[in-house]
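One structure is given below, encoded as structure tokens.
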Amino acid sequence: MTISGSSLLMDYETSCLPCTPEEEKQIINKLSNIAESNLKEGDLYFVISNRWFKEWQEYVKQHNGDFPVDECSTHSLHANGALPKKVDRPGKIDNSFLILNEDGVEGGDLQLKRTLEEGHDYVLVHQEVWKKLYSWYKGGPAIPRKLISQGFLHKTFIVEVYPLSLQVLDARDNKKFSICMSKKSSVQELYNKVAKIVGLHEENIGIWDFFNKRKNSLLFVSDKTLEEVNLQMDQDILFEVQLDASIHFGSGMDSTGNRLALVPIESSRLPVTIAAGPAMSNGYSLPTDMVDGSDSLSTISKGDFGGLAGLQNLGNTCFMNSAIQCLVHTPPLVEYFLQDYSHEINKHNPIGMHGELAIAFGDLLRKLWSFGQASIAPRAFKGKLARFAPQFSGYNQHDSHELLAFLLDGLHEDLNRVKSKPYFETRDGNGRPDEEVAGECWDNHKARNDSIIVDICQGQYKSTLVCPVCSKVSVTFDPFMYLSLPLPSTVKRSMTVTVFSSDGAALPMPYTVTVLKHGFCKDLFQAVSTACCLKSDESLLLAEVYGHRIYRYFENPFEPLSMIKDAEHIAAYKLPKNHKGLTKLEIIHRSKEKYTSNVLDSGVRTLLGAPLVSCLPEDATTGADIQNAVRLMLSPLLKTKADCPLIQIYSSKESVFGSHSPQSELTKESMDKMDTDQEANGKISFHLSLTDERGSNCSALENEFCIRQGQFFRVLLDWTDSEHDLYDISYLKDLPEVQRFTAKKTRPEATSLFSCLEAFLKEEPLGPDDMWYCPNCKEHRQATKKLDLWRLPEILVVHLKRFSYNRYLKDKLDTFVNFPIRNLDLSKYIKSNFAAAQSHIYELYAISNHSGGLGGGHYTAYVKLVEGNRWYDFDDANVHSISEDDIRTRAAYVLFYRRVKVESQEDRGEQSEAH
């Protein structure tokens, strides 16, 4: 059924009483939650401009409290800490810039620009949400999209933002028009739509798959989906009008009801059949080499120029083409799939793909090695890929390594010789020799996993975990399909951090340190600790300051430093080493002047200075103790020391954080003495208010306020004339940026493959998200982990981790990796004794390259044809030779090595005797 945007707008022209922003938010949230809890295939979602939707979110968000600060956005406060300006109600919904063609296509459908990204250019809302938003704001145009299900083993729902666009060619006059349909639409629906547009009965037309401007096969009316018949985005289809009344194109019947003998227009160029013969499958006629169902596969030989065929790009499928070319030029796989492998297809593996992926891959490999130098459109293979791995469906760019990992695992399961997997209970080494434990683990693995992929692509590594508390050592031996190696970086970055002494011992002091550009927060912590001479009983708490508030604390030591931008402001607070169990106090400074221009509530005071953080002594119990703690922290800012009894009291003592005067010595008795001295000298009592992290729900802090240990208090300190007379707040203003000036560009970084491997194998602590459960301690521990190579495969796949993803940032490293083309010797990295009899010398034969940035880029493959001893550049359909001197580039992403057999001295001696 065609969904017209204009008709939907008319349906939604319903009156609705105006709502408050808070009511709008609640209504939309409720509708969204109801819709998400009752998802079903065929539900409608609507595309809305992200620009407009953000305006609406800002509009409804500002009424969430007295002080509306979005804690997830650093743009919610002005630089002076004042409230943001009032956000006006957004205008009409405007989706016009998302549309490719205002006039749409035949049938009234609107096509979107192909470069749009969800979350950046548009958002998706359920039909009920769209109805409500449209009733409030009007505008448009409406852009409906269907919810479809994808996947074979695991069904998932996705919104089909980009339906299948087809170019329909009229064979009568060669006129062309475009239609849009869901890839889940049936061939029957395709006939109905085309027939309606051209004003004919569907029985009187025949529709051809006209990919690459050739009649590939006639489509027959059926319930098969357009995806199943391998129609691609923007491809041509040809419709012809029936000339002979005795033939009915759509049904494949003659006038008497007998089925016509149908054959493909282009017969297969392969001298091989995968099935018993031609048959109907997926709603159209298949070449004889594509029909499944036989018990045997014929053995074929390589054709002239075999292996030099390119793969056509079907729409951002260069990632797939690159990975496939590397695999189909892997010598053992070529030999395997050109032979009869039908007896190894496992159609009953519950975690496999019923052998369909292996057959599709084998068919594609055979074509590439038999068709000469003609390019091939891998439509059938892409269709299988979309069915079994929906994450690779559609026409977005993907990661060639992720696809490679899926293919190797999928081929293994489809070709697993083990039909019934035995169960083995994992046994601990318990002091047994590593060779014994490793052999046992490998035998158990092979008893459950036995395929050509395991034979040639799987190795084994040793993993050693050590508990940092009880020193328990756990050793396991695990299989691997490829090695994912980090790219060690030596590029440095200067960062400026302002250190605050929370015990009143010193003025704030900025320190500029040098750290690895791609390092972690633990590296910055260590560098600042050294620079400020941090004592053994002290610790640093790093925080980002924005809008005179603590925006966030850096508590994860493994958070990448790339998350900290040059223009940000970082503070480090000296706290006791055991501060995690103490009561923390955060002080935000507020001016007596009021910010009254364009704010929601006039009379709101602006913030100033940098916030302070400290810990209260263990015997602090009341609000008066907080007053004294504030005095202590502000004491370095006093304009004259004579004004500070606090300094006089402790002038003969070390810092309260020092080894001789830990914070526990700052007792209630001493703090009461400070308070008495302050009152005797006529000193002020600060105006403090308890608040939350949003600055709302402020309440005056009374001296009688009760404190419970382990709490976190955030207080507002109002700076009146009295505070300004006593303290110089300029020390808290104008925190330096992390890096004020952009560093000069340096030469592009370079490293070696061996450095990457050593970084992968080095001992390091587990991340906080990968805690290990220690069987001795009965608790999760941040153990240290050490990897060692134990057994290497015949085909060694090396993945260079150029891409890094986290919830804040995506990044790509263009580091040049100097990798050996031949004589890659890994002998010194192998820890097993029995492996000494094997060769650990490898030769490069393929590279999957990625050039460009994260937003898209392009994948190619460099492949060496062993027979001709020449390298070729496979760039989708284009294939040309390339010099071996030119294959080392910054684009190298996945490297493929094959083991080289090294003759032993005995073999060489036998050959000499023979001569």
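Judged by distance alone, the side chain of N444 and the main-chain N or O of P422 form no donor-acceptor pair under 3.5 Å. No donor-acceptor pair closer than 3.5 Å links the side chain of R890 to the backbone N or O of A750. Side chain of Q782 to backbone of L766: a donor-acceptor contact under 3.5 angstrom is found. Formation of a donor-acceptor pair under 3.5 Å by the D414 side chain with backbone atoms of G355 is found in this model. Remark: the backbone N or O of V613 is paired with a side-chain donor or acceptor of S502 at under 3.5 angstrom. Panel note: side chain K577, backbone S536; a donor-acceptor pair is recorded below 3.5 Å. Looking at R888, its side chain does come within 3.5 Å of a backbone N or O of F819 through a donor-acceptor pair. Judged by distance alone, the side chain of S832 and the main-chain N or O of W790 form a donor-acceptor pair under 3.5 Å. Checking side-chain atoms of R781 against main-chain N and O of V466 turns up no donor-acceptor pair under 3.5 Å. Between the side chain of R791 and the backbone N or O of G459, no donor-acceptor pair lies under 3.5 Å.
When each of F406, F803, F319 is checked for a ring pair (Phe, Tyr, Trp, His ring centres under 6.0 Å) with H398, only F319 meets the rule. Each of I550, V499, L540 was evaluated against Y573; a single residue qualifies, I550, per the side-chain contact (heavy atoms from CB on, under 4.5 Å) test. Here the options are L404, I795, L408, the test is side-chain contact (heavy atoms from CB on, under 4.5 Å), and the partner is M481; only L408 passes.
Between V900 and Y842, the shortest heavy-atom distance links the atoms CG2-C, 4.1 Å. Nearest heavy-atom pair, C521 versus L542, reported as atom, atom and distance to 0.1 Å: O-CD1, 4.3 Å. Heavy atoms only, all atoms of each residue included: R549 and P611 are closest at C-CG, 3.8 Å. Taking every heavy atom of both residues into account, V418 and N346 meet most closely at O-ND2, 3.4 Å. Among all heavy-atom pairs drawn from L575 and C615, the shortest one is CD2-SG, 4.0 Å. Taking every heavy atom of both residues into account, C326 and Y845 meet most closely at O-CE1, 4.0 Å.
A distance of 10.5 Å separates NE2 in H412 from CG in D455, rounded to the nearest 0.5 Å. Separation of atoms CD (E758) and CG (L753) is listed at 10.0 Å; rounding is to 0.5 Å. To the nearest 0.5 Å, atoms CG (D825) and CZ (F754) are separated by 7.0 Å. Distance check, rounded to the nearest 0.5 Å: NZ of K786 to CG of L465 gives 12.0 Å. The distance from the CZ atom of F896 to the CD1 atom of I847 is 10.0 Å, given to the nearest 0.5 Å. Atom NE2 in H348 sits 13.5 Å away from atom CG in N416 (nearest 0.5 Å).
With a 4.5 Å cut-off on side-chain heavy atoms, F713 and L585 count as touching. In this structure, C756 and P488 have side chains that are in contact, with non-hydrogen atoms separated by less than 4.5 Å. Counting heavy atoms from C-beta outward, L895 and L844 have side chains that approach closer than 4.5 Å. Between K492 and L516, some side-chain heavy-atom pair lies under the 4.5 Å cut-off. Residues T464 and T784 fail the side-chain proximity criterion, which asks for heavy atoms closer than 4.5 Å. Using a 4.5 Å cut-off on side-chain heavy atoms (C-beta onward), V738 and K565 make no contact. Within the 4.5 Å cutoff, side-chain heavy atoms of L385 are placed close to those of L403. Taking the side chain as every heavy atom from C-beta outward, V515 and F525 never approach each other to under 4.5 Å.
Checking S322 against S400 by side-chain atom types alone, no donor-acceptor pair falls below 3.5 Å. For the residue pair T512 / S494, no side-chain donor-acceptor distance below 3.5 Å is found, with atom types taken as modelled. With 3.5 Å as the limit, one finds a donor-acceptor pair spanning the side chains of E344 and Y336.
Relative ring orientation between Y859 and Y893 is described as tilted, the plane-to-plane angle lying within the 30° to 60° band. Aromatic ring orientation, H401 versus H799: parallel (interplanar angle below 30°, classes split at 30° and 60°).
Under a 4.0 Å N-O distance rule, the pair D450/K421 does not qualify as a salt bridge. Taking 4.0 Å as the cut-off between side-chain N and carboxylate O, R899 and E794 do not count as a salt-bridged pair.
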- prompt: Stepwise, does the side chain to side chain contact (heavy atoms under 4.5 Å, CB included) test hold for Y897 with L792?
  reply: CA-CA 11 Å; Y897 285 93; L792 291 180; over 6 Å; no
- request: Please assess L561 against M495 for the test side chain to side chain contact (heavy atoms under 4.5 Å, CB included), listing each intermediate value before the final yes or no.
  value: CA-CA 10 Å; L561 289 179; M495 301 184 72; 4.2 Å; yes
task: I would like to know whether E544 and M563 meet side chain to side chain contact (heavy atoms under 4.5 Å, CB included); could you show each step before the answer?
output: CA-CA 11 Å; E544 178 187 346; M563 304 305 308; over 6 Å; no
task: Apply the test side chain to side chain contact (heavy atoms under 4.5 Å, CB included) to residues Q460 and H445: give CA-CA distance (whole Å), side-chain angles for both, the deciding distance (0.1 Å), then the verdict.
output: CA-CA 10 Å; Q460 187 182 36; H445 174 69; over 6 Å; no
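Counting heavy atoms of neighbouring residues, nucleotides and ligands inside a 6.0 Å radius, atom NZ of K472 exceeds 12 of them.
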